[in-house]
Amino acid sequence: MREIVFDTETTGFKFSEGDRLVEIGCVEMVNRVETGRTFHAYYCPERDMPAEAERVHGLSTAFLSKFPVFAEGVADLLDFLGDAPLIAHNASFDFGFLNGELGALGFPPICHRTRMVDTLQIARTRHPGAKHTLDALCTRFGIDRSHRVQHGALLDAQLLAQVYVELMGGRQIGLGLADAAVVADPAAASVRTIARRFREPRVFAVPEGELAAHAAFMKGISDPLWGAGASG
């Protein structure tokens, strides 16, 4: 199964209030194993970058002004996404900006009911009461995040891909055992269904000579324990 883990960086919190998507990073997975294919792009937001947002991701107005606007790169992005499920942390936020940008260009929205997988909700279900930030989950699963000084869409997507695998059962799900079919609901707990192959019972024939020798041996036993108390 092909899935895309993705993350976005923006100018703020709400597309409806004029904030824009400025970076997206995507990681392709097949059967929950990274294929090595990624998609990464910066977009000029055609507006100033608020200082508080720049402190989070380090993307300045001057830096982003060198890149094309979202409309110029949308075809490449949609081609990479295809029809795969899209996995993100606090996915409603990322979907809100992605669909906001698509809608502004006249594209239909990506359906959140059929394609959105939210690792934040999965983490809350699996580990209630714990911290569920990306950093906290990396720590929980022993994923190295020492190179994450600031938020970055592709780096965060790569870390999230590892977190997602752990949330869904770990690396053993991808071993591809011959007699096992793995079926997982990405919005709930993973389910492993084992398809067992029927084998005919094996028949063990005892040679006649051994049967005769056993019968002779049994006759030679006097007063056997298994005969105690038997009525004649």
Side-chain angles (χ1 to χ4, degrees), residues 3-15 19-29 32-43 45 49-60 63-64 77 80-81 84-101 112 115-174 184-190:
E3 298 170 296
I4 301 296
V5 181
F6 81 106
D7 183 64
T8 62
E9 300 297 341
T10 68
T11 63
F13 296 106
K14 293 184 178 180
F15 185 87
D19 287 312
R20 302 297 298 274
L21 188 154
V22 297
E23 183 187 10
I24 189 166
C26 307
V27 175
E28 181 185 65
M29 304 186 80
R32 307 233 172 93
V33 176
E34 294 180 47
T35 66
R37 290 189 68 217
T38 62
F39 180 93
H40 180 233
Y42 294 108
Y43 303 110
M49 177 65 68
E52 57 271 25
E54 186 175 341
R55 282 194 293 270
V56 173
H57 49 55
L59 303 177
S60 66
F63 173 80
L64 292 169
L77 173 61
F80 185 85
L81 296 180
L86 303 182
I87 301 151
H89 203 62
N90 191 19
S92 59
F93 175 88
D94 300 280
F95 264 68
F97 273 90
L98 181 56
N99 279 334
E101 296 286 359
H112 68 277
R115 294 183 62 184
M116 183 175 81
V117 180
D118 189 353
T119 51
L120 177 59
Q121 293 300 323
I122 298 173
R124 285 173 174 168
T125 300
R126 297 293 182 86
H127 307 289
K131 292 183 178 180
H132 303 118
T133 64
L134 181 57
D135 282 343
L137 290 169
C138 285
T139 299
R140 170 182 285 275
F141 296 123
I143 296 168
D144 180 20
R145 56 178 176 83
S146 58
H147 49 312
R148 189 184 189 239
V149 180
Q150 289 182 308
H151 289 217
L154 183 57
L155 172 60
D156 286 2
Q158 290 169 330
L159 291 173
L160 184 59
Q162 297 177 66
V163 167
Y164 175 60
V165 169
E166 297 299 333
L167 284 172
M168 300 308 292
R171 288 294 178 189
Q172 67 270 23
I173 64 173
D185 176 3
S190 61

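Please read all numbers here as calculations on a predicted model, not as lab measurements.
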Atom of [X], atom of [Y] and distance for their closest heavy-atom approach:
X	Y	answer
Met49	Leu64	CE-CD1, 3.5 Å
Arg20	Phe15	NE-CE1, 3.9 Å
Met29	Val5	SD-CG2, 3.7 Å
Thr11	Ala53	O-CB, 3.5 Å
Ser60	Glu54	CB-OE2, 3.5 Å
Phe6	Cys26	CB-SG, 3.9 Å

- request: Report the C-alpha distance between Glu101 and Tyr43 in whole Å, list the side-chain angles of each, state the deciding distance to 0.1 Å, and finish with yes or no for side-chain hydrogen bond (donor to acceptor under 3.5 Å, both in side chains).
  value: CA-CA 11 Å; Glu101 296 286 359; Tyr43 303 110; over 6 Å; no

To the nearest 0.5 Å, what is the distance between [atom1] ([X]) and [atom2] ([Y])?
X	Y	atom1	atom2	value
His57	Leu155	NE2	CG	14.5 Å
Arg37	Phe80	CZ	CZ	5.0 Å
Leu159	His89	CG	NE2	11.5 Å
Phe95	Met116	CZ	CE	6.0 Å
Asn90	Leu134	CG	CG	11.5 Å
Thr125	His132	OG1	NE2	8.5 Å

side-chain contact (heavy atoms from CB on, under 4.5 Å) between Leu154 and Val27, worked out: CA-CA 8 Å; Leu154 183 57; Val27 175; 4.3 Å; yes

task: For the pair Glu34 and Gln162, evaluate side-chain contact (heavy atoms from CB on, under 4.5 Å) and give the outcome as yes or no after the intermediate values.
output: CA-CA 9 Å; Glu34 294 180 47; Gln162 297 177 66; 4.0 Å; yes

- request: Look at the aromatic rings of Phe63 and Tyr42 and report parallel, tilted or perpendicular, splitting at 30° and 60°.
  value: perpendicular

query: Where do Thr133 and Asp135 land on the side-chain hydrogen bond (donor to acceptor under 3.5 Å, both in side chains) test, with the steps shown first?
result: CA-CA 5 Å; Thr133 64; Asp135 282 343; 5.5 Å; no

query: In terms of heavy-atom contacts, does CZ of Phe141 have more than 12 from other residues, nucleotides or ligands at under 6.0 Å?
result: yes

- request: Scan Leu86, Ile87, Val117 and name whichever one has a side chain to side chain contact (heavy atoms under 4.5 Å, CB included) with Ile4.
  value: Leu86

field: Residue from Thr8, Asn99, Ile24, Asp118 passing side chain to side chain contact (heavy atoms under 4.5 Å, CB included) with Asp94
entry: Thr8

message: Is there a side-chain contact (heavy atoms from CB on, under 4.5 Å) between Leu137 and Thr119? Walk through the geometry before answering.
response: CA-CA 10 Å; Leu137 290 169; Thr119 51; 5.8 Å; no

field: Student check: side-chain heavy atoms of Phe97 and Asp19 closer than 4.5 Å
entry: yes

